[in-house]
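Below is one structure, written out as structure tokens; comments come after it.
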Protein chains: 2
Amino acid sequence: MEFKEAKNKFVQTWGALGSQWGINKTMAQIHALLMVSHEPVSMEDIMEELQISRGNASMNLRALMDWGIVYKEYKAGERREFFTAEKDLDELAVKISRERSKREIKPALKVLKEVSSIQSDNTEAEKHFVDQTTKLYDFVLKADNVLDKITEYKDNWLAKLVVKIMK
Amino acid sequence: MEFKEAKNKFVQTWGALGSQWGINKTMAQIHALLMVSHEPVSMEDIMEELQISRGNASMNLRALMDWGIVYKEYKAGERREFFTAEKDLDELAVKISRERSKREIKPALKVLKEVSSIQSDNTEAEKHFVDQTTKLYDFVLKADNVLDKITEYKDNWLAKLVVKIMK
DNA sequence: ACAAACTTTCATTTTTTTTTGAAAGTTTAA
DNA sequence: TTAAACTTTCAAAAAAAAATGAAAGTTTGT
């Protein structure tokens with residue numbers, strides 16, 4: 001396999017993985033492309049390499065910057081903008097965790113708390129509902145807190161976790 | 001808020017959360033419904049409660065059973081089939097992790113290994129590609145192994161992890 | 001202030017994913 | 001063996017998500 005082929009395969013795979021985890025394919029592909037590029041890439045080049053429209057490129061780059069995992073760069077004497085990806089994988093994991101927690105888990109927790117707080121009558125069905133949603137709330141809250149803590153370590157959290165777990 | 005409303009809100013929220021994580025909405029909704037039901041539910045009732053077609057119910061129940069988080073139950077003297085969800089949250093997390101690892105992470109790892117193994121020429125671009133994909137491979141492999149190890153604990157792995165992390 | 005060079009927005013189109021429902025399949029009981 | 005009661009399958013339809021591209025917006029240099 002040669003370079004170009006390998007690069008393309010990587011971009012496609014990363015895109016597919018993104019889709020499976022609820023991240024739009026193009027967004028994941030742009031991220032993949034930037035991660036393996038050793039120097040900043042212009043929007044024009046991204047459009048060319050991924051064969052996508054200007055609008056698509058623009059919107060997905062914006063989204064990636066909102067996630068904090070892609071940065072704009074300005075080159076001296078160049079009018080157009082270039083982009084780079086966060087390449088430190090610990091940092092990348094931390095940022096993705098934070099965003100998903102903020103956008104998806106926290107709101108879900110709020111609902112779980114609400115619905116588990118109905119005062120249950122005496123029916124079996126209601127008792128079970130309150131019991132199960134309360135357990136779910138506790139579980140998700142705990143998991144979310146672990147994520148928080150883990151990502152506080154920031155540097156090399158995964159390696160440190162490995163040591164703790166594998167021992 | 002009363003029971004019926006709370007139950008509906010929970011089902012909708014779980015469905016939305018599923019979508020955001022790449023799980024089809026109906027599948028997540030059926031799972032939510034079964035999780036908070038204190039007794040087995042028939043396909044007829046699922047269709048009725050979620051307002052979905054027979055085919056949809058059938059296919060998503062099959063998928064949930066393939067994931068190992070929903071079970072068929074037979075009631076004595078009843079022709080039709082009933083369904084229950086895995087209600088132990090540790091067990092649920094373990095099963096979901098295992099499936100996602102098997103279906104999505106392992107195949108991605110295989111590709112990462114392939115593409116990071118091209119013998120790089122001397123260009124900066126190729127060196128960076130090999131370096132970055134190698135790092136990514138190592139990172140994902142390690143994370144996947146941690147998941148494996150964690151879920152081997154099985155009982156109360158989250159609580160045990162909390163102790164390790166928070167200390 | 002102007003215009004060139006570039007980026008963003010968003011209504012419309014395209015693609016992808018999900019859902020439907022009717023036909024085919026299965027199981028059970030008589 | 002037949003038929004009733006139920007489930008599964010899958011081609012077609014519908015819905016949802018993503019992509020396009022042209023117009024509007026912005027920035028920079030003169």
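Every chain is numbered from 1 and lettered A, B, ... according to where its sequence line falls, protein lines coming before strand lines.
- Salt bridge Arg62(B)/Asp66(B): present, at least one basic N to carboxylate O contact under 4.0 Å.
- Inter-residue side-chain proximity for Met35(B) and Leu92(B) is flagged as met; some heavy-atom pair is nearer than 4.5 Å.
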Can you name the atoms? Protein N/O to nucleotides 16-19 of chain C N/O, anything below 3.5 Å, with the distance.
residue : atom : partner  : partner atom : Å
dT19(C) : OP1  : Thr26(B) : OG1          : 2.4
dT19(C) : OP2  : Asn24(B) : OD1          : 3.4
dT19(C) : OP2  : Thr26(B) : OG1          : 3.1
dT19(C) : OP2  : Asn56(B) : OD1          : 3.4
dT19(C) : O5'  : Asn56(B) : ND2          : 3.4

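- The pair Arg80(B)-Glu78(B) counts as a salt bridge, with a side-chain nitrogen and a carboxylate oxygen less than 4.0 angstrom apart.
- Using a 4.5 Å cut-off on side-chain heavy atoms (C-beta onward), Val111(B) and Phe10(A) make no contact.
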- Message: Set out, in order, the CA-CA distance, both residues' side-chain angles and the distance that settles side-chain contact (heavy atoms from CB on, under 4.5 Å) for Thr84(A) and Val70(A), then state yes or no.
- Response: CA-CA 6 Å; Thr84(A) 3; Val70(A) 160; over 6 Å; no
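- With axes fitted over five pairs at each extremity, the angle between the ends of the helix from dA1(C)-dT30(D) to dA30(C)-dT1(D) is 20° (10° resolution).
- For an aromatic pair to be called close, the ring centres must be under 6.0 Å apart, and Phe129(A) with Phe3(B) satisfies this.
- The environment of NZ in Lys25(A) is sparse: at most 12 heavy-atom neighbours from other residues, nucleotides or ligands sit within 6.0 Å.
- Annotation: side chain of Ser37(B) is in contact with side chain of Val41(B) (closest heavy-atom distance under 4.5 Å).
- Within residues 61-83 of chain B, the residues approaching DNA chain D are Arg62(B), Lys72(B), Arg79(B), Arg80(B), Glu81(B), by heavy-atom distance under 4.0 Å.
- A search for side chain to side chain donor-acceptor pair (under 3.5 Å) contacts involving Tyr71(A) returns Glu86(A), Lys95(A), not counting sequence neighbours.
- Once you apply a 4.0 Å limit to the heavy atoms of chain A, the touched nucleotides of DNA chain D run 5' to 3' over dA18(D) to dT28(D).
- Of all the residues in residues 34-48 of chain B, Met43(B) reach under 4.0 Å from DNA chain D with at least one non-hydrogen atom.
- Ion pairing between a basic and an acidic side chain is recognised when a charged N comes within 4.0 Å of a carboxylate O; Lys75(A) and Glu81(A) show no such pairing.
- Under a 4.0 Å N-O distance rule, the pair Lys135(B)/Asp131(B) qualifies as a salt bridge.
- Side-chain contact between Met47(B) and Ser53(B) is absent, with no heavy atoms from C-beta onward closer than 4.5 Å.
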- Task: Decide side-chain contact (heavy atoms from CB on, under 4.5 Å) for Phe82(A) and Glu39(A); before the verdict, give the C-alpha distance in whole Å, the side-chain angles of both, and the deciding distance to 0.1 Å.
- Result: CA-CA 9 Å; Phe82(A) 291 81; Glu39(A) 53 180 25; over 6 Å; no
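- The closest side-chain heavy-atom distance from Asn60(B) to Ile46(B) is not below 4.5 Å.
- Looking only at side-chain heavy atoms (C-beta outward), Glu48(A) and Glu44(A) stay at 4.5 Å or farther from each other.
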